[in-house]
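First up is the structure itself, then whatever we jot down about it.
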Amino acid sequence: MVDERRVRILREGNVGSGPVLYVMGRDFRAQDNWALLYAQEQAKKHKVPLGVLVHFGRNLVQTNERHHSFLVEGLQETATELESNGIPFFLTFGNWEQEVKQFVEVHEIGLIVTDFSPLHESRWWWDEVSHGVAVPIHEVDAHNVVPAWLVSDKQEFAAYTFRRKVHKLLPEFLVKFPKLEPHPYDWGVSKTACWPRGVDKNGCALIDWEGVRKFRKFDSSVRPVTSIKSGGKTALQILDIFIKEKIKNYDQYRNDPTRDVLSQLSPYIRFGQISAQRIAYEVKKLRRDVKSRDSFLEELIVRRELAENFCFYNDNYDNFDGVPSWAKESLSEHKKDKRDYIYTLKQFEKSETHDLLWNAAQTELVENGKMHGFMRMYWAKKILEWTKTPEEAIKISILLNDRYSLDGRDPNGYAGVLWSIGGLHDRAWAKRPVFGKVRYMNYSGCKRKFDVETYIQRYHGSSVNV
DNA sequence: ATCGGCTCGCGCAA
DNA sequence: TGCGCGAAGCCGAT
């Protein structure tokens, strides 16, 4: 049974007699998905078929080939698993009113279920859809261990205010997932009317995945990351390796970007190919490496869900207005401070600063679609130091992270940038030029903590893959 | 190598 | 109203 507190009503109304449709927007997986489990529960209750639909809009300016191919590759796996459980998978493209709305009407959908995201893109979309269809819409928080609207009813000030609230609810929510069961009511896929239209000899909806991959018009200069393989199965293998081999060193070395002790799961969490709750559930079982276990769970649950809390309750999660007032005032006071270096977006993007360590981090981001957690802080703080205003620094950091990182366009990224540049969830520190009271970080700090040379060497040059 | 100060405000105890 | 302490640090004194 799906906990009712995971569910919010986006559009009121009685559930109709037609099929239940899960419009998958964020959690692109078949297993360990509360939104899917809830949709099935409703479909069984009303004795109707269940289907899953993914809609690709045409005008996602920030989407590029890197993100799109990662998403589509994983989606194929998800579609296959859904269909082998009697749940047909549909794709629609372009204008939602022509596609999704029509789909809902043609198939006489009785209930729409979706997964929760705190980001504007998603909130605005559902706001529009809920005014455009005549069907109840239920939203399920399938991404967080504890539902965002339940854990706290306001923007939390810092991790310590949020931590108690999460921990209080964890015993109720950090539970084992039920396995997805084959759906007992047949949709009759031969009646499917979706792009690409048609069915194969077994009556399954035909999807031209190669066509799907090429469908969007986007910046193809950001190449797919060949070193990171997409998909839920891969994610589970990576989790297994992390638990067996890497987590034991997590506490000691997690801030050392030359060591391989992090889970590397964030792209998979970002695209919902693995559930954070599944990761937490497996890691929590550990009876060894307790210190590492707990610091990993802190990052995975407390800090990740704190970022969701921030984006959920603060509309300005991606700009200067989102930073706490003490930092806003302090940064404004230091706006006119002399900068030793000023770089343009292009110079940052091409790793053309005077700082080899910074350039290495940027290269890691561009080439590998990720950046080590510790380097993200240093990286963003230096962008503050080397641009004219904190507003511009935030803009550039978010743009680069969203464009190149596989886990970009995600609450974690926005909260991370605002933590680094705007003191979000942090405290005030001794005043310095440019930074004001925002925590300062520098090259010598990195040198104290890890072997800077090794890191620089690893990402030196322009076509490095490790 | 280690320590205190820097500096703000939330939330709880009283 | 007072007080402890916090998302990952820096720096100078000892």
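Values below: every heavy atom of this structure, side chains too, minus hydrogens, waters and symmetry copies. Labels below follow one simple rule: chain letters A, B, ... track the order of the sequence lines, proteins then strands, and each chain is numbered from 1.
- The side chain to side chain donor-acceptor pair (under 3.5 Å) test applied to A:K382 returns A:E385, not counting sequence neighbours.
- Applying a 4.0 Å cut-off to non-hydrogen atoms, none of the residues of residues 306-329 of chain A approaches DNA chain C.
- In terms of the side chain to side chain donor-acceptor pair (under 3.5 Å) criterion, A:S292 has no residue partners (sequence neighbours excluded).
- If you walk DNA chain B from 5' to 3' and mark each nucleotide with an atom closer than 4.0 Å to a heavy atom of chain A, the marks span B:dC6 to B:dC12.
- Each of A:F348, A:Y343, A:Y443, A:Y341 was compared with A:W358 under the ring-ring contact (aromatic ring centres under 6.0 Å, His included) criterion, and only A:F348 meets it.
- A:D451 and A:T258 form no side-chain donor-acceptor contact under 3.5 Å, judged by distance and modelled atom types alone.
- Taking the side chain to side chain donor-acceptor pair (under 3.5 Å) definition, one finds that A:K338 meets it with nothing, sequence neighbours left out.
- At a threshold of 4.0 angstrom between heavy atoms, the contacts of A:K449 are confined to the sugar-phosphate backbone, with no base atom among them.
- Atom P of C:dA8 sits at a distance of 23 Å from the matching atom of B:dA1, rounded to the whole Å.
- Every ring pair (Phe, Tyr, Trp, His ring centres under 6.0 Å) that A:Y268 has, sequence neighbours left out, goes to A:F70.
- Counting 5' to 3', DNA chain C first comes under 4.0 angstrom of a heavy atom of chain A and last does so at the ends given by C:dG6 to C:dC11.
- Residues A:E391 and A:N319 have side chains not in contact (no heavy-atom distance under 4.5 Å, counting atoms from C-beta outward).
- No side-chain heavy atom of A:E333 sits less than 4.5 Å from a side-chain heavy atom of A:K328.
- Within 4.0 Å of A:R448, counting heavy atoms only, lie sugar-phosphate atoms of the nucleic acid but no base atom.
- Legend: residues meeting ring pair (Phe, Tyr, Trp, His ring centres under 6.0 Å) with A:Y317, ordered by chain and number and at least two apart, are A:H120, A:Y414.
- Nucleic acid contact class of A:R432 (heavy atoms, under 4.0 Å, all strands): sugar-phosphate only.
- Within the nucleic acid shown, A:M441 comes within 4.0 Å of sugar-phosphate atoms alone, with no base atom in reach, counting heavy atoms only.
- At a threshold of 4.0 angstrom between heavy atoms, the contacts of A:D426 are confined to the sugar-phosphate backbone, with no base atom among them.
- Distance noted for atom C1' between B:dG4 and C:dC5: 15 Å (whole Å).
- Residues A:D410 and A:R26 are paired through a salt bridge, judged by an N-O separation under 4.0 Å between the basic side chain and the carboxylate.
- For A:Q277, the side chain to side chain donor-acceptor pair (under 3.5 Å) partners two or more places apart in sequence, or in a different chain, are A:R6, A:W34.
- Relative to the six-membered ring of A:W429, A:R427 meets both conditions, a distance below 6.0 Å and an angle of at most 45° to the axis.
- With P as the reference atom, B:dG5 and C:dG4 are 14 Å apart, rounded to whole Å.
- In terms of the ring pair (Phe, Tyr, Trp, His ring centres under 6.0 Å) criterion, A:Y378 has no residue partners (sequence neighbours excluded).
- Between B:dG9 and C:dC10, the distance separating the two P atoms is 23 Å to the nearest Å.
- Shown for residues 147-163 of chain A: residues whose heavy atoms fall under 4.0 angstrom of DNA chain C, namely A:A159, A:Y160, A:R163.
- When side chains are defined from C-beta on, A:Q362 counts as touching A:L400, because their heavy atoms get closer than 4.5 Å.
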Strand DNA chain B as a dot-bracket string - pairs counted if Watson-Crick or G-U with both distances under 3.5 Å, | where the partner lies in another strand
||||||.||||||.
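- Around NZ of A:K395, the count of heavy atoms belonging to other residues, nucleotides or ligands within 6.0 Å does not exceed 12.
- A 4.5 Å side-chain heavy-atom check between A:Q264 and A:F242 finds every atom pair outside the cut-off.
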